[in-house]
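Accompanying notes for the structure given below.
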Amino acid sequence: ENESLPRFGIRRMKTEAIDDLTLKKYKKYACEMPEIQADAYRQVLLELRKAEGGKGLKLINYLRSVSLHPEKLELAYQEPGGFIDFVSKSARIKKSLEILEEIEKKGEKALVFLETREMQYLLQNVFCEKFNLEKVEIINGSTSVPQRASIVKKFQDGINDNKFEILILSPKAAGVGLTLTAATHVIHLSRWWNPAVEEQCNDRVYRIGQTKDVSIHIPMAIHPEFKEQSFDCILNEIMHRKRDLFHDVLMPPIRTKEEEENDMKKQLYAEDNKFSLEQIDRKNGVDFEEWVIQTAKNKGPWKANRTPTTGDGGADGILSHKQRPKEYVIIQAKHTGNPQQNLGPDAIQEVLEAKKRYGYKNVHLIVITNYKDFTSSAKELAKKEDVRLVSRDNLSLWPNHII
C-alpha cells in the first residue's frame with residue numbers, strides 16, 4: 001500500500017485519448033409496428049405467458065424473430081406485391097429503408113448488421129430492387145477468407161468515390177478484424193445480446209483512419225399496446241445495464257444465453273406499468289420539465305442539468321453522457337392542459353436557438369411534450385434540422401429508447 005508506487009495501468013477509451021477523432025453519433029428510432037406485425041407479436045406473447053420451461057425460451061426467440069418480421073421467411077418474399085408488401089409488414093425494415101434513402105441522397109456508404117442468414121439474402125434482393133443496385137455483398141459465416149478480403153478491398157477502394165453502397169454483415173462473423181472506413185453509417189437491423197459485440201461492429205467503421213463522422217442507427221419495433229414492454233425496448237434496457245457494468249469494471253460479466261433469455265422472460269411477464277399519462281397531465285410546466293430531466297438522470301447514462309427558468313436560450317435541460325465524452329442532449333419540454341392538441345414549430349425553433357447558443361458539436365436535439373402530436377409544419381422542420389420529437393404516446397419510452 002505504498003502510495004508512491006505507480007499505477008499498474010491507466011484504462012482509457014480512444015475517445016478520451018485521441019483529440020482529433022471524428023464524432024460517433026448514436027440515433028435510435030422508436031417505430032410503431034404495423035397492424036399485421038403487432039397482431040403476430042400479441043399472439044406469440046399470449047403463448048409465451050402460458051408456456052413453461054424450454055418451450056418458453058423457444059418462444060422468446062420466436063418473439064425476437066417476429067419483432068423483425070412477422071412472417072416465415074421462406075414465404076415472406078413470394079407474395080404478389082414483392083418487396084413492397086414484405087417491407088410494409090416490418091417496422092424495423094421499413095425504417096431502415098428510410099434511413100438508407102437519406103444515405104443514398106448523400107452519396108455515402110452503409111453497413112447493415114443482421115444476424116439471420118435467411119433474412120440477409122432476402123434483404124440483399126430488397127436493397128438491389130429498391131435502390132437499383134447491381135449487387136449487394138454479404139459477409140457471414142459462410143464467406144471464405146479470400147472472398148472476405150476481396151469484398152473488403154472493393155468496398156474500401158471506393159472510399160472517396162461518393163457512391164452509395166450497402167454491405168450486409170453478420171455481427172459475429174464480421175464483428176472483428178475488418179476495416180471498413182469507407183462507410184460512415186452503421187445500421188443495426190437486429191441486435192446481438194452482448195453490447196460489446198455491437199460496439200465491435202461499430203468499430204469496423206469508427207477506427208483510426210476514419211476521417212468523417214460516423215452515425216450508428218438503431219431502429220426499434222414498438223408494439224402500440226405494450227410500448228416500453230416491447231421486446232426491442234426490454235433488450236435495449238438489458239444492453240444499457242450491461243454497458244454500464246462494462247464501463248464500471250475492467251471486463252463485462254459473462255452470462256449464458258439461457259440466463260439472458262430468462263431475464264427477458266421475467267420482464268415480458270411483468271404486467272405492472274408504473275408510467276401514468278394521467279399523472280403527467282396533472283403536472284404544471286415546471287414540474288413536467290423536472291420529470292423529463294430527472295427521468296433521464298435516473299434511467300439513462302446521463303448527467304443532467306436544469307437551465308434557469310428564465311433566459312435559458314431555448315433549453316429546459318442539458319444532458320451529458322457519462323461514458324461518451326463530449327456527447328450532449330439539449331431538451332425543450334412543453335406541457336399542456338389540453339393534450340388533444342398538436343404542438344407547432346415554435347418549440348423546434350427554440351431548441352435550434354439553444355444549439356447555436358451552447359455550441360456543442362456532438363449534440364442531440366429533443367422536443368418532448370404531452371401534446372397528442374406535432375403539426376405537419378413542426379414535423380417537416382424537425383426532419384430538416386434533425387430534431388427528435390417525443391409526443392405523449394412515446395413518453396413512456398423516454399429516455400433510453402429515444403436517445
Side-chain angles (χ1 to χ4, degrees), residues 30-31 33-34 36-77 86 89-96 112-123 138 140-142 168-175 187-198 200-201 218-243 252-271 401:
C31 317
M33 293 180 183
I36 189 170
Q37 187 176 24
D39 288 344
Y41 183 99
R42 188 183 292 105
Q43 290 301 317
V44 178
L45 189 61
L46 288 173
E47 288 184 51
L48 177 61
R49 287 178 171 168
K50 298 174 185 175
E52 297 180 358
K55 186 180 179 182
L57 297 178
K58 183 178 179 181
L59 284 168
I60 286 176
N61 279 317
Y62 188 34
L63 196 66
R64 184 187 186 200
S65 175
V66 168
S67 295
L68 176 57
H69 199 283
E71 295 182 338
K72 292 183 178 179
L73 297 185
E74 61 268 22
L75 303 174
Y77 203 65
F86 171 75
K89 295 173 182 176
S90 167
R92 270 194 251 156
I93 296 174
K94 183 179 178 182
K95 187 63 186 181
S96 295
V112 177
F113 282 95
L114 174 65
E115 178 189 355
T116 310
R117 193 168 296 187
E118 293 88 343
M119 184 63 82
Q120 290 171 2
Y121 293 111
L122 277 173
L123 287 176
I138 298 175
N140 56 29
S142 65
I168 300 173
L169 308 101
S170 164
K172 292 295 282 184
I187 300 175
H188 291 285
L189 189 46
S190 66
R191 304 181 75 183
W192 200 259
W193 296 93
N194 189 342
V197 172
E198 188 166 283
Q200 288 170 354
C201 294
I218 303 175
M220 296 191 299
I222 310 299
H223 193 281
E225 178 184 348
F226 304 120
K227 293 294 183 180
E228 73 274 22
Q229 289 299 112
S230 302
F231 181 94
D232 284 5
C233 289
I234 294 172
L235 178 58
N236 190 53
E237 290 285 356
I238 290 172
M239 294 181 74
H240 262 291
R241 292 200 302 270
K242 294 175 80 171
R243 275 196 172 94
I254 298 173
R255 301 184 72 202
T256 66
K257 186 176 180 181
E258 186 173 352
E259 287 174 325
E260 299 289 6
E261 290 172 339
N262 280 326
D263 192 5
M264 174 71 73
K265 188 174 180 180
K266 288 176 185 177
Q267 295 190 56
L268 287 166
Y269 280 178
E271 297 285 352
H401 314 306

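Note that the structure is predicted; figures quoted are calculated from it, not measured. Reckoned from all heavy atoms, side chains included, excluding hydrogens, waters and symmetry mates.
Once rounded to the nearest 0.5 Å, the distance linking CG of L63 with OG of S67 reads 5.0 Å. Remark: L189 CG to S96 OG distance equals 4.5 Å, nearest 0.5 Å. Here I222 contributes atom CD1 and R92 contributes atom CZ; the two are 9.5 Å apart, rounded to the nearest 0.5 Å. S190 OG to I93 CD1: the interatomic distance, rounded to the nearest 0.5 Å, is 10.0 Å. For the atom pair R191 CZ and L235 CG, the distance stands at 6.0 Å (nearest 0.5 Å). For the atom pair CG (N140) and CZ (R117), the distance works out to 4.5 Å, reported to the nearest 0.5 Å.
Side-chain contact between E237 and E228 is absent, with no heavy-atom pair separated by less than 4.5 Å. Contact annotation: the side chain of I168 never approaches that of Y121 to less than 4.5 Å [non-hydrogen atoms, C-beta and beyond]. P219 has its side chain out of reach of K94: every pair of non-hydrogen atoms, C-beta onward, lies at least 4.5 Å apart. No side-chain heavy atom of F231 sits under 4.5 Å from any side-chain heavy atom of L68.
When atom types are taken as modelled, the side chain of D232 and the backbone of A221 share a donor-acceptor pair closer than 3.5 angstrom.
Of all heavy-atom pairs spanning P70 and I36, the tightest one is CB-O, 4.2 Å. The minimum heavy-atom distance between P224 and A38, with the atom names listed, is CD-CB, 3.9 Å. Summarising the geometry of L59 relative to V44, their closest heavy-atom pair is O-CG1, 3.8 Å, with the distance given to 0.1 Å. Between Q37 and H69, the closest heavy-atom pair is NE2-N, 4.1 Å. Taking each heavy atom of L114 and M119 in turn, the nearest pair found is CD2-CG, 3.5 Å. Taking both residues in full, the closest heavy atoms of E198 and I218 are given as OE2-CD1, 4.0 Å, listed atom of the first, atom of the second, then distance.
H401 meets the ring-ring contact (aromatic ring centres under 6.0 Å, His included) test with no other residue; sequence neighbours excluded.
Here R64 pairs with E115 in a salt bridge; the nearest charged N to carboxylate O distance falls below 4.0 Å.
Note: Y41 and H223 have tilted aromatic rings, judged against thresholds of 30 and 60 degrees for the angle between ring planes.
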